[in-house]
Protein chains: 2
Amino acid sequence: MGETEEREFLAAREDVVKKVLEQQPDDEILYDLAELFKVFGDSTRIKILYSMFETELCVNDIAKLLNLSQSSVSHQLRILKSSKLVKFRREGKSIFYSLDDEHVRAIISMGMEHVEE
Amino acid sequence: MGETEEREFLAAREDVVKKVLEQQPDDEILYDLAELFKVFGDSTRIKILYSMFETELCVNDIAKLLNLSQSSVSHQLRILKSSKLVKFRREGKSIFYSLDDEHVRAIISMGMEHVEE
DNA sequence: TATACATATGAACAAATAAACATATGTTTA
DNA sequence: TAAACATATGTTTATTTGTTCATATGTATA
């Protein structure tokens, strides 16, 4: 590469960088996005989410099903609740949890496709 | 709830748990799925991925763009490579990275939709 | 209203990991 | 082939976070 080409190359890269920077969403949004994926990024939580793919479950069900302590399940459900990934309803002494919406199912399914490649 | 109802309730829960257990993918797959999302679950990596949404970029571009050290970018790209989220090609001294496939874009987009609600 | 059952919460500890710094590898060109 | 540039890798450190144990809250029933 001659000197002229070199300069042109660098200028072109600068342009690209500038353009990308303009299109990039605010840091705050990307931070939230990372936080969202972080919630999916733990095997216990993924197991919990997946177990609710077809049906609602109460805390005790999940604990037995996945062989986890009640405390651990409850802690993780708290995180899933605060990220709006699950919703819940009380029925007597039990509280039934289920996936919050189709987004959650879609995100998991997309991930599955990538993993199963 | 009477004693009979109580027994029926417990039996019904057991059935549900058993059914879910049968449908649940192997632990290994769910573990891989969590590992995949974990990669998306870091704000630096998400920023890097997002910056490549429209165009390929070399390491230096990304470092300047996101105001990160070359080392940090390189470390994160290694993780993105090994998860098959990005691909790369060499051109002279530079190495250009880009999103590996449409899955990656789809997963990010789905997450964005959830975040922007 | 006392007891049992279901779930939630708080605190402490151990494991995982992102960033920084130093250095190594690989590529081009003078 | 030596120097400059671009990227990769190894190591240490500070921070984050999942689990456990103990305990609290909330609900139903005898």
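Only a predicted model underlies this, so the values are computations on that prediction, with no experimental measurement involved. Note on naming: letters A, B, ... go to the chains in the order of the sequence lines (proteins, then strands), and numbering restarts at 1 for each one.
Protein atom CZ of B/Arg89 is 15 Å distant from nucleotide atom C1' of D/dT7, rounded to whole Å. A/Ile95 has its CD1 atom 18 Å from the P atom of C/dC5, to the nearest Å. Atoms CG (B/Leu77) and P (D/dA6) sit 16 Å apart, rounded to a whole Å. Atoms NZ (B/Lys93) and P (D/dA3) sit 16 Å apart, rounded to a whole Å. Atom CD of B/Glu91 is separated from atom C1' of D/dA6 by 13 Å (rounded to the nearest Å).
No more than 12 heavy atoms of other residues, nucleotides or ligands sit less than 6.0 Å from atom CG of A/Asn67. Counting non-hydrogen atoms of other residues, nucleotides and ligands closer than 6.0 Å to CD of A/Glu14 gives a total of 12 or fewer. Heavy-atom contacts from other residues, nucleotides or ligands closer than 6.0 Å to CD of A/Glu113 number more than 12. Enclosure of atom NZ in A/Lys19 is not indicated, since only 12 or fewer non-hydrogen atoms of other residues, nucleotides or ligands lie within 6.0 angstrom.
For B/Tyr31, there are no ring pair (Phe, Tyr, Trp, His ring centres under 6.0 Å) partners, not counting sequence neighbours. Under the side chain to side chain donor-acceptor pair (under 3.5 Å) criterion, B/Glu35 pairs with B/Lys38, not counting sequence neighbours. For the side chain to side chain donor-acceptor pair (under 3.5 Å) test, no residue two or more places apart in sequence or in another chain qualifies with B/Arg78. Remark: B/Phe53 engages B/Tyr50 in a ring pair (Phe, Tyr, Trp, His ring centres under 6.0 Å) (not counting sequence neighbours). Take B/Glu28 and apply the side chain to side chain contact (heavy atoms under 4.5 Å, CB included) test, not counting sequence neighbours, and it matches no residue. For A/Asp27, the salt bridge (charged side-chain N to carboxylate O under 4.0 Å, His left out) partners two or more places apart in sequence, or in a different chain, are B/Lys47.
For DNA chain D, the stems formed by at least three consecutive Watson-Crick or G-U pairs, with both atom-pair distances below 3.5 Å, span C:1-30 with D:1-30.
Contacts of residues 10-20 of chain A with DNA chain D (heavy atom under 4.0 Å): none. Sorted by residue number, the members of residues 34-67 of chain A with any non-hydrogen atom under 4.0 Å from DNA chain C read A/Cys58, A/Val59, A/Asn60.
Along DNA chain D, the nucleotide nearest to A/Gln76 and the one nearest to A/Arg90 differ in position, and the one closer to the 5' end is contacted by A/Gln76.
Under the 4.5 Å side-chain heavy-atom criterion for grouping Ile, Leu, Val, Met, Phe, Trp and Tyr, B/Val86 is connected to B/Ile95 within one hydrophobic cluster.
Among pairs with a residue in residues 58-73 of chain A, those fulfilling salt bridge (Lys or Arg N to Asp or Glu O under 4.0 Å) read A/Asp61-B/Arg13, at least two apart in sequence or across chains. Applying the salt bridge (Lys or Arg N to Asp or Glu O under 4.0 Å) test to residues at least two apart or on different chains, the pairs with a partner in residues 96-108 of chain A are A/Glu102-A/Arg105.
For D/dA8, one of the phosphate oxygens OP1 or OP2 lies less than 4.0 angstrom from a side-chain nitrogen or oxygen of B/Tyr97.
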Under 3.5 Å, which protein N or O atoms sit close to an N or O of nucleotides 9-11 of chain D? Give each pair with its distance.
unit_1, atom_1, unit_2, atom_2, d
D/dT9, O4, B/Ser71, OG, 3.1
D/dG10, O6, B/His75, NE2, 2.7

